[in-house]
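Contents: one structure, followed by commentary.
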Amino acid sequence: MKKFKVLTILKIFLLSILLLLILRLVSTDFMPTMAENKPKIAIVIDDFGNNQEGSLEMLKLPIKFTGAVMPDMPKSEKEMNLLLENGKEVILHQPMQAHTGKVSWLGSSPILSNMSIKEVENVFKKNKEQINKAVGFNNHMGSLITEDREKMESILKIAKESNWFYVDSVTSSKSVAYDVAKSLGVKAVKRDVFLDSTKSKEKVKQNLRKTIEIAQKKGSALAIGHVGAEGGKITAEAILEIYNEYKNDVEFVYASQLAN
Ligand SMILES: [Zn+2]
């Protein structure tokens, strides 16, 4: 009788283990497909590196996002590390000259239109070495430079050597940067929506909803927001509220996951 009981318990135990194993196999098989079917949203947050307003709030967000770090700023290295410690992805936010705006807004390591190709390459290489945990780059301002095929080619070639990807912020409708990246075989993705540059949180939320609509139509979408005066706390709050509303319907991914 006793022996029989022990055997039964043993059988139940072994059966439970088998059941658990089957459940595990089934769930790992099906879960990725379920996740893949959700529209993907990548958010790039620009202008890290200067302890700007809203930086802490962004870091605390419970989502994956990509932080673009400006080179040569007082907190460039610190914020690069903080982003990684908080599970975010890091890219270099390469300052580039725009059609309008002051050159002083570009910081100390910009790519300017009057530079030779050699100078452009040196600036980019130096910034790339400094933001050394980045896996890609995007442009800070840059409406003038992203229209310049030769200059974009020279930096995208350097990016390719490290298998970096590129996010075209599309600050100019005439940007050739995305096409140049593709022709060189650099993984790239274009910005769909700018989230902020407004004082209204409702407006940022509207822009996030627009991003989700685009992703529902084409499978994925990329939005760019900012720390500092252009967005900051308002943008972080809006992202958190939209995340709570849509967390079961969309998947937040790194920008690199949309680059192809
Ligand atoms: Zn910027």
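Note that the coordinates shown come from a computational prediction; the quantities given were computed from them, not determined experimentally. All values below come from the heavy atoms of this structure, side chains included, with hydrogens, waters and symmetry mates left out. Every number for a ligand or one of its atoms is a count from 1 in the order of the listing. The first residue in the sequence is number 1, and the count goes up from there.
Nearest N, O or S atom of Asp47 to the Zn ion (ligand 1): atom OD1.
Contacts of Gln206 classified as side chain to side chain donor-acceptor pair (under 3.5 Å), with partners at least two apart in sequence or in another chain: none. Residues passing the side chain to side chain donor-acceptor pair (under 3.5 Å) test with Ser197, sequence neighbours excluded: Glu230.
Defined by atom type and a distance below 3.5 Å, a donor-acceptor pair is missing between the side-chain atoms of Asp46 and His140. Inspection of the Thr146 and Asn139 side chains reveals no N or O donor paired with an N or O acceptor under 3.5 Å.
Among the backbone and side-chain atoms of Glu230, none of the N, O or S atoms lies under 2.8 Å from the Zn ion (ligand 1). Residue side and main chain included, His226 places no N/O/S atom under 2.8 Å of the Zn ion (ligand 1).
Vertex the Zn ion (ligand 1); arms to His140 ND1 and His93 NE2; angle rounded to 10 degrees, 100°.
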